[in-house]
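Notes to accompany the following structure.
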Amino acid sequence: MVSVSGFRTHTTHVHDNNQDLSSVQEVSDSFTWLLDDLPPGDSSSVETIPVIDLTDPDIVNRIGHACQTWGVFQITGHGVPVGLIDRLELQGRRFFSLPIDQKLKAARRPGDLSGYGQAPILSYFEKVMWSEGFTMAESPANLACQVWPDDYTEFCDVMEEYKKEMKALASKIMWLMLSSLVICKEDLEWSEPTEELDGSAVLHLNWYPRCPDPSRAIGMVPHTDSTFITILYPSSTAGLQVLQAHTAQAHWVSVDRVPGSLIINVGDLLHILTNGRFRSSLHQALVNQDKPRFSAPFFFGPPKDTLIGPLIKLTDADKGPLYRAVKMDEYLGLKKKHYQNALNLLKLA
Ligand SMILES: O=C(O)CCC(=O)C(=O)O
Ligand SMILES: [Fe+2]
C-alpha cells in the first residue's frame, strides 16, 4: 500500500484551519507534506487513463476492462448538458470566492457530513491540505441560506439539478459495470430491480487556491474514494493524478482530460461488492502556482442502512468472500480513523 509518510498517526486531528488561502504568500509548515515514499510522479508519461464513449457498441467490455485494470476512466458521450456543467462551475466559483467569514456560515458541524471546510479524511493527518470544500449530502438550502440569506435559490437549483443528472448517470454506469461481470438487477437484493439503482448521493465541490510553492503543498492527499463510484468533473485546469498500479512498476499518471469528459473512479465499496474484481483507484490532486482549480466529485453509494459484502456470484468456490460486509457509515468511520488501511481491515483471512 502506498502511504504518505511522516504523518501517520492514530490520533484524530481537529484542524482549525480557517485561513483564507488565496491571500497566503508563503507555504507554512502546517501545509508542508513530505511525500517521500510515494511512487515518483510521471509528468512525461504518454500514458493516459482509458477514454470510453458511452455510445460505443462494445461499452460493457470496455468499462469492465477499465475497472479491472486502472479502476478509473474518462467518459464521453454521457449526455450531461454542457450548460449545466458550466452553471455548476459558475456557482461553485461564486461560493468559493466569498470572504472566508461568509463561507464559514455554512461550516461543517462536528459529526455532520454536509458543510464547508477541509475534507473529513484530513482528521487522520497533522498537516493541512491546500484546498477547501463544500459537501452536500442533502439539499444545500439550509446551508446556502445562511451564506446568502436573500439570494440562495440559484445556487441550490443548480446543485439539485446537477445532482439529479449525476444520480441517473451513476446508476447507468453502475449497471454497465456490473453487466460486465454478468451481474443482473435481481442479484442486488438491496435495490428494486428498476432502471435507477437505489443509493445515496453526495455532491461535493473542491477549490484549490493558487499556491506560492506547489512543490511543498498538496491539494488532496493520495486516497481512494469510499463509495461505489465517483463521477468527477475536474474542470479544465490540470491537477488530478491517478496511480497506475496494474503493472509491475506503480507510478502516477497525470490525467489529461478530454474536453467535455467526466472521470469515473471505482470506490472501495464497489471493490468490496465485486470481491476485488474491480479495483478502487488511488488518486491525488496537485496545486498550481498561477491559477486556482475547481473540481466537483459526485459520490454514489449504497442506501445508508444496507450491508455491502461481496456478491455471491463473484465469490469463487475455493476462495470465498475476500471481505466482510459493512454498512456505508461504518466504512466512512473506518476510513476516517485508518485512512488507506480501512479496506485491509475488512479482509477475511
Ligand atoms: O480535485 C480532483 O481532481 C480530485 C478530487 C477528489 O479526489 C475527491 O474530492 O475525492
Ligand atoms: Fe477522490
Side-chain angles (χ1 to χ4, degrees), residues 2 4 21 33 35 38 41 48-49 70-75 85 88-89 92-93 95-96 108 113-125 128-137 159 162-163 166 170 200-211 214 217-243 245 252-258 261-271 279-288 291-301 328 331-332 335-336 339-340 342-343:
V2 173
V4 181
L21 290 177
W33 296 73
L35 304 172
L38 291 174
T48 54
I49 60 171
W70 286 83
V72 58
F73 52 95
Q74 305 190 42
I75 50 162
I85 298 179
L88 172 84
E89 180 157 355
R93 286 178 179 266
F95 175 78
F96 288 117
R108 183 185 291 115
L113 184 57
S114 295
Y116 167 73
Q118 284 254 341
I121 191 92
L122 200 71
S123 55
Y124 185 83
F125 300 98
V128 189
M129 301 188 288
W130 199 269
S131 56
E132 38 189 307
F134 187 42
T135 312
M136 292 161 276
M159 297 302 141
Y162 187 77
K163 210 166 157 180
M166 286 299 106
S200 59
V202 175
L203 177 59
H204 179 83
L205 311 177
N206 287 310
W207 184 245
Y208 306 95
R210 266 184 302 142
C211 176
I218 188 135
M220 182 113 16
V221 285
H223 65 282
T224 52
D225 292 341
S226 300
T227 59
F228 281 154
I229 63 168
T230 307
I231 305 178
L232 175 75
Y233 167 62
S235 81
S236 55
T237 309
L240 175 67
Q241 292 195 321
V242 298
L243 193 76
W252 290 107
V253 171
S254 298
V255 172
D256 196 5
R257 176 176 177 250
V258 170
S261 72
L262 293 167
I263 299 191
I264 311 298
N265 270 306
V266 171
D268 294 341
L269 288 177
L270 186 57
H271 186 119
R279 47 167 83 214
S280 52
S281 78
L282 198 71
H283 52 282
Q284 63 180 1
L286 308 183
V287 286
N288 293 286
K291 45 185 174 178
R293 177 167 177 265
F294 171 79
S295 77
F298 169 82
F299 301 105
F300 183 73
M328 190 167 72
Y331 191 69
L332 295 180
K335 201 74 185 263
K336 228 165 140 178
Y339 183 51
Q340 285 308 111
L343 195 55

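None of these values were measured; they are calculated from a predicted model. Whatever order the structure lists ligands and atoms in, that order sets their numbers, starting from 1. Each residue takes its place number in the sequence, starting with 1. What you see below is based on every heavy atom in this structure, not just the backbone, and it leaves out hydrogens, waters and symmetry mates.
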message: Can you confirm whether or not the ring centre of Phe95 sits under 6.0 Å from the ring centre of Tyr116?
response: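 Yes: the rings meet the under 6.0 Å criterion.
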field: Option of least heavy-atom distance to atom 9 (O) of ligand 1 (set: Thr135, Asn206, Thr230)
entry: Asn206
field: Point-to-point distance, once rounded to the nearest 0.5 Å, from CG of Asn265 to CZ of Phe299
entry: 8.5 Å
task: Quick one: closest heavy-atom pair of Gly92 and Phe294, and the distance?
output: CA-CE1, 3.7 Å
- prompt: Looking only at heavy atoms, what is the nearest atom pair of Met129 and Ala119, with distance?
  reply: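 What the structure gives for the nearest pair is CE-CB, 3.8 Å.
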- prompt: Counting only heavy atoms, which portion of Phe299 has something under 4.0 Å from ligand 1: side chain, backbone, both, or neither?
  reply: side chain
message: Below a 4.0 angstrom heavy-atom separation, can you tell me which part of Asn265, side chain or backbone, both or neither, approaches ligand 1?
response: neither
- prompt: Under 4.0 angstrom from ligand 1, any heavy atom of Arg293?
  reply: yes
- request: Take every heavy atom of Pro297, measure it against each atom of ligand 1, and state whether any distance is under 4.0 Å.
  value: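 Pro297: in contact with ligand 1 (<4.0 Å).
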Quick check on contacts: which atoms of ligand 1 are under 4.0 angstrom from a heavy atom of [X]?
| X | value |
| --- | --- |
| Tyr208 | 1 (O), 2 (C), 4 (C), 5 (C) |
| His223 | 6 (C), 7 (O), 8 (C), 10 (O) |
| His283 | 7 (O) |
| Leu232 | 3 (O) |
| Ser295 | 1 (O), 2 (C) |

- request: Quickly, which of Asn206, Leu205, Leu240 forms a side chain to side chain contact (heavy atoms under 4.5 Å, CB included) with Ser295? Name it, please.
  value: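 One option only clears the test, and that one is Asn206.
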message: Evaluate Phe134 against Leu203 for side-chain contact (heavy atoms from CB on, under 4.5 Å), listing each step before the verdict.
response: CA-CA 9 Å; Phe134 187 42; Leu203 177 59; over 6 Å; no
- prompt: If you check every N/O/S atom of Asp225, which is the one nearest the Fe ion (ligand 2)?
  reply: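 Nearest N/O/S atom: OD1.
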- request: Check whether more than 12 heavy atoms from other residues, nucleotides or ligands sit under 6.0 Å from atom CZ of Arg108, and answer yes or no.
  value: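 Yes, the 6.0 Å shell around CZ holds more than 12 heavy atoms from other groups.
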message: Given Ser280, which partner from the list Asp268, Thr227, Asp225 fulfils the side-chain hydrogen bond (donor to acceptor under 3.5 Å, both in side chains) test?
response: Asp268
